Amino acid sequence: VGQDSLNVLFYILFFQEREIQTLSAEVESLKNPQNLNASARLEELREENNKLKYRLNILKRGLQEEKTNCSHAMLNINQRLQEVFGEAIRAACPELDNPPLVVAPNQQAKFGDYQCNSAMAMAQMLKAKGMKINPREIAEKIIQNLPDNELVQKTEIAGPGFINIHLKRQFVSKLLSNLLVNGVKPPPLASKKKVVVDFSSPNIAKEMHVGHLRSTIIGESMCRLFEFLGYDVLRLNHVGDWGTQFGMLIAHLQDKFPNYLTVSPPISDLQAFYKESKKRFDEEEDFKKRAYQCVVRLQSKEPDFIKGWNLICDVSRQEFQKIYDCLDITIIERGESYYQDMMTKVVKEFEDKGFVQLDEGRKIVFVPGHSVPLTVVKSDGGYTYDTSDLAALHNRLFDEKADIIIYVTDSGQAMHFQLLYAAGQMIGWYNPQVTRVEHAGFGVVLGEDKKKFKTRSGDTVRLMDLLEEGLKRAMDKLKEKERDKVLTPEELTKAQRSVAFGCIKYADLSHNRINDYVFSFDKMLDDRGNTAAYLLYAFTRIRSIARLANIDEATLKKAAETTEVLLDHDKEWKLGKCILRFPEILQKVLDDLLLHTLCDYLYELATTFTEFYDSCYCIEKDRQTGEVVKVNMWRMLLCDATALIMAKCFDILGINPVDRM
């Protein structure tokens, strides 16, 4: 559609909306005929009323069809059904305020595609008002009040009052064609919102360990989800880059590399360097005193001390970046040091509003409903994690103007974040009804013995060691399948990285993040069941179907524009509906931030495709020669649509599939 045509279309839509509003007002005015004297006039008005209602429904249906047809985005079918049934429910029981609206996919295909389960809850609400009505009667009234729409073929009442909904096959077919022609585009946002995601957050001078794995993987995936849906996302790495430990590190740096200001010190093992300085701090009194002096001089921002601090931070950053490169993580570092100059102002604001109490030299803040206070100033005048987190929250709300702030840390910090958010609300920084500030907590990584994941010597597992072990195991798996005999060395390396890092990510994301999960290379590399190994192989197979039939992308693209996607076979219908559930799955994940729902959907899509492929011939070959004699193009299009959605799921999960595996 050209721009001029679009402008005309928008004008038509605008005037249709205006006419609908005018007609609606007329319909409302005709509902109250109390001042009418002549019965003839009353009949005339009633007839006019019916005509107006008829025209109103036609206009509404036309407007919805215009919106559906001119949109290149995927439609959330569940949301659209909620609009349709919401209107019917309000018309069926106008006496109920906020009647319940429950629409969900039907678990058993024989009962239809979706189900509306509102009637039973509505019966309970009416009973509370002294009106006893059978839920099946309410279901009948809901069906009678369904507006004309483009997607419902028929409805049936089952059991105590369930409404089974059957979708129009042509409607589903059109949506699939739209997906194939325009690609995977999310439903449009009502308004573009700013999202801040705080994740990963390792400590400078310490190595990233398996505990950082979950925050890094989950946070990255959440960012990808928000970005795909059209939000403006700021990915923040709140690293531990400030505090008393830097005093001992700088003091040790001065002793070990006295010329560090002019010659860059060769610190290759920062973990060992940290342990050496900690040992001296614990055992040498003079060193301890000097370490404290170094902290004071660092906090005073003396150039030589800032340089030493920067040197230590840079060594850590290089190590962190190696891991971020392996896992394909994009993140902006904004550590505790970034907020240092903001803390004084934040403490003063709490003092000015009368929220600060003195407690043995400390300045503390109690928040409603909590017996444990936040400590904003220590007895020695220094600031705390509480202070820097309050300053960070203030910065994200007022400087970044975030509408949504997500903190991805382990569940052990849940109480701290409850206090933090309560303090932010108490002082009036944000209203939770308007701004979403949320802690996305997660459980710990366990070893196969169901205890906290450790090395045999009892140390925390280094994340880099884990990733290297994953690469080794992935290569062993590929060689076991003799892929090294058919793939080029470059393809084999790509497949190795895809399997290794994809399996580690998927094993984490496919578990409910709230629970602990057992880390097992054997399970995650198993190519049976709900694993990345199975899904990556399945995806590669689906992508190869068109290639084996000698159908290129241009041919598929042309077919998408000219070939109707037939859904006559039960397995075609099941797959088509499964593909189109993608937007509602994303909406659910957006609401609760539980990414395992997306993994479950991806696995369901892959298994539903297998059922379809086993039952429906996409290409038919000559039994003697093996040559392709017939291509069922609508089924090839279903293969393509499946691959498009799977690819987008992988992208959101941060998994990189390869063409050959």
Side-chain angles (χ1 to χ4, degrees), residues 192-206 208 211-243 309-310 313-314 316-325 327-343 345-346 383-414 416-417 419-421 423-424 429-430 435-442 463 505 509 513 590 593 595 652 654:
K192 189 161 186 172
K193 291 185 175 180
K194 175 81 174 274
V195 182
V196 172
V197 184
D198 176 329
F199 69 105
S200 194
S201 310
N203 289 313
I204 294 288
K206 291 183 180 178
M208 286 180 78
H212 296 111
L213 182 69
R214 298 207 76 183
S215 177
T216 305
I217 290 172
I218 294 166
E220 171 70 23
S221 190
M222 284 181 184
C223 292
R224 286 168 178 253
L225 172 68
F226 279 113
E227 284 162 353
F228 172 63
L229 293 172
Y231 291 84
D232 176 16
V233 180
L234 177 62
R235 303 146 159 263
L236 291 184
N237 199 1
H238 190 82
V239 296
D241 66 350
W242 203 252
W309 171 72
N310 270 323
C313 289
D314 282 343
S316 265
R317 283 187 195 111
Q318 288 163 21
E319 293 304 309
F320 296 161
Q321 196 55 48
K322 287 177 190 172
I323 285 162
Y324 294 148
D325 288 345
L327 296 173
D328 199 14
I329 308 295
T330 306
I331 195 163
I332 294 167
E333 185 186 308
R334 200 176 278 182
E336 291 166 23
S337 61
Y338 181 87
Y339 304 100
Q340 290 306 300
D341 296 340
M342 306 174 194
M343 294 192 208
K345 188 180 164 192
V346 164
Y383 295 129
T384 67
Y385 286 124
D386 292 347
T387 333
S388 67
D389 278 349
L390 283 167
L393 179 61
H394 185 276
N395 170 260
R396 291 160 187 182
L397 289 166
F398 293 98
D399 299 334
E400 296 300 343
K401 297 181 169 50
D403 302 291
I404 301 170
I405 308 173
I406 311 292
Y407 291 78
V408 187
T409 75
D410 67 272
S411 297
Q413 297 184 53
H416 167 71
F417 285 111
L419 288 168
L420 184 71
Y421 305 157
W429 287 351
Y430 78 97
T435 307
R436 180 181 180 182
V437 182
E438 194 169 329
H439 175 224
F442 53 81
L463 196 41
K505 288 180 180 183
L509 296 168
R513 65 170 162 78
L590 190 69
L593 302 176
L595 288 150
I652 292 169

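Bear in mind the structure is a predicted one, so any value in this text is a computation, not a measurement.
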N/O donor-acceptor pair under 3.5 Å between S221 side chain and I652 backbone: yes
Minimum heavy-atom separation for A402 to V196, with atom names? CB-CG2, 3.8 Å
What distance separates D403 CG from T435 OG1, expressed to the nearest 0.5 Å? 6.5 Å
For H238 and Y385, I'd like to know if the aromatic rings sit close, meaning centre-to-centre distance below 6.0 Å. no
Are K194 and I404 close enough that some pair of their side-chain heavy atoms sits under 4.5 Å apart? no
Search all heavy atoms of L393 against all heavy atoms of G424 and return the closest pair with its distance. CD2-CA, 4.3 Å
Rounding to 0.5 Å, atoms CG (L390) and CE (M342) come to a distance of 13.0 Å
Taking all non-hydrogen atoms of both residues into account, name the closest pair between L595 and I218 and its distance. CD1-O, 3.9 Å
Greater than 12 external heavy atoms within 6.0 Å of K193's NZ: no
Taking all atoms of both residues into account, what is the closest heavy-atom pair of F226 and V233, and its distance? CB-CG2, 3.5 Å
Any ion pair linking R235 and E220 (charged N to carboxylate O, less than 4.0 Å)? yes
So, does S316 use its side chain to make a donor-acceptor pair with the main chain of A205 at under 3.5 Å? yes
Indicate yes or no: at least one non-hydrogen side-chain atom of Y407 is less than 4.5 angstrom from one of F199. no
Side-chain (K505) to main-chain (L327) donor-acceptor, under 3.5 angstrom: yes
What I'd like to find out is whether the side chain of V195 reaches to under 4.5 Å of the side chain of D232, using heavy atoms alone. no
Short question: side chain of D241, backbone of E336 - any donor-acceptor pair under 3.5 Å? yes
Shortest non-hydrogen contact from W429 toward V346: CH2-CG1, 4.0 Å
Indicate the atoms forming the closest heavy-atom contact of S200 with H212, along with that distance. O-CD2, 3.7 Å
If only side-chain N and O atoms count, and only distance matters, is there a donor-acceptor pair under 3.5 Å linking T409 with H439? yes
Spell out, as yes or no, whether a donor-acceptor pair under 3.5 Å connects the side chain of T387 to the backbone of T384. yes
For F320, does the six-membered ring have the charged nitrogen or CZ of R317 within the cation-pi criterion, i.e. under 6.0 angstrom from the centroid and within 45° of the normal? no
For L593, is there any backbone N or O sitting under 3.5 Å from a side-chain donor or acceptor partner on R513? yes
Min side-chain heavy-atom separation L229-L590 under 4.5 Å: yes
Look up atom CD1 in I323 and atom CD1 in I329, then write down how far apart they are to the nearest 0.5 Å. 10.5 Å
Under the criterion side chain to side chain contact (heavy atoms under 4.5 Å, CB included), I'd like the reasoning laid out for M222 against V408: C-alpha separation, chi angles, the key distance, then a yes or no. CA-CA 9 Å; M222 284 181 184; V408 187; 3.9 Å; yes
Say whether Q318 and D314, considering side chains only, have a donor N or O and an acceptor N or O under 3.5 Å apart. no
Do the side chains of E227 and R224 get close enough for a salt bridge, i.e. N-O under 4.0 angstrom? no
Using a 3.5 Å distance criterion without hydrogens, assess whether the side chain of S201 forms a donor-acceptor pair with backbone atoms of V239. no
Check: D399/H394 side-chain N/O donor and acceptor closer than 3.5 Å: no
Q413 side, atom CD; S215 side, atom OG - distance, nearest 0.5 Å: 9.0 Å
Separation between OH (Y338) and CH2 (W242), nearest 0.5 Å, reads 15.0 Å
Working to the nearest 0.5 angstrom, can you tell me the gap between M343 CE and D386 CG? 10.5 Å
Between Y324 and N237, is there a side-chain donor-acceptor contact under 3.5 Å, judged purely by atom types and distance? yes
So that I can tick it off, tell me whether E400 and R334 are bridged by a salt bridge, with the cut-off set at under 4.0 angstrom between side-chain N and carboxylate O. yes
Heavy atoms, side chains only, cut-off 4.5 Å: are H416 and D389 in contact? yes
For F398, does its backbone N or O pair with a side-chain atom of K401 as donor and acceptor, under 3.5 Å? yes
Establish, yes or no, whether a centroid distance under 6.0 Å links the rings of Y383 and Y339. no
Going through the distances and angles, do V197 and L234 end up as a side chain to side chain contact (heavy atoms under 4.5 Å, CB included)? CA-CA 6 Å; V197 184; L234 177 62; over 6 Å; no
